[in-house]
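Data first, discussion second: the structure below is written as C-alpha cells.
Excluded from the calculations below are hydrogen atoms, water molecules and symmetry mates; all remaining heavy atoms, backbone and side chain alike, are included. Both counts, for ligands and for their atoms, begin at 1 and track the order of listing. In this chain, residues are counted from 1 in sequence order.
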Amino acid sequence: MRFKAKLLIAGTSFILAASLPVDGQKPRSARAKDKQPRIQQVTIALTEKGYEPASFKLRRGVLARITFVRRVEVTCATEVVLPDYEIKRELPLNEPVVVEFTPGKSGEFSFACGMNMVRGKIIVR
Ligand SMILES: [Cu+2]
C-alpha cells in the first residue's frame, strides 16, 4: 500500500510538471498539454500504524483528489475529517473513499479521525 501511494504521488509530480510552462522552451505539443486536466491525486491508506503516508504535499489552486482507504478493521478511525475543507466522510473497510477539493491557501492543514486521535497533515504550497 505504501508502494502504491508513492507511485500515485510520483504520477502527480509528472502531471504537474507537464502542465507547467518551462521558460525559454517551447512545449513539443502545447495543444495536447493544454488539454491535460490540472489535478493532483494522492492515496492515503489507514493501517494499524495510522495514515500512510501521514503527510503529503499539495499545490495551491490545483484540484486535489484524495483517496482514503481504511485497511484495518479494528480502529477508531472509521471516519476522516478535514476541518479546513469542511469534509467529513465515513471510511468503510477496504472501500476507497474519494474526496475532492481545491486548496486555496498555503500552509499546513490537518486531517484526522472523528476524535482527532489519528492524525495526518497536508502541506499546501
Ligand atoms: Cu479516533
Is it the case that the side chains of R71 and N94 hold a donor-acceptor pair, with the cut-off being a distance below 3.5 Å and no angle test? yes
Judged by modelled atom types alone, do S106 and R60 share a side-chain donor-acceptor pair under 3.5 Å? yes
Go through the structure and list residues passing side-chain contact (heavy atoms from CB on, under 4.5 Å) with R89, not counting sequence neighbours. V80, I87, V97, V99
Checking E100 now: which residues fulfil side-chain hydrogen bond (donor to acceptor under 3.5 Å, both in side chains) with it, not counting sequence neighbours? R65
Heavy-atom pair of closest approach, residues R59 and V124: C-CG1, 4.4 Å
Partner residues of Y85 under the ring pair (Phe, Tyr, Trp, His ring centres under 6.0 Å) criterion, sequence neighbours left out: F101, F109
Near the Cu ion (ligand 1) (under 2.8 Å) - protein N, O or S atoms: C76 SG, C113 SG
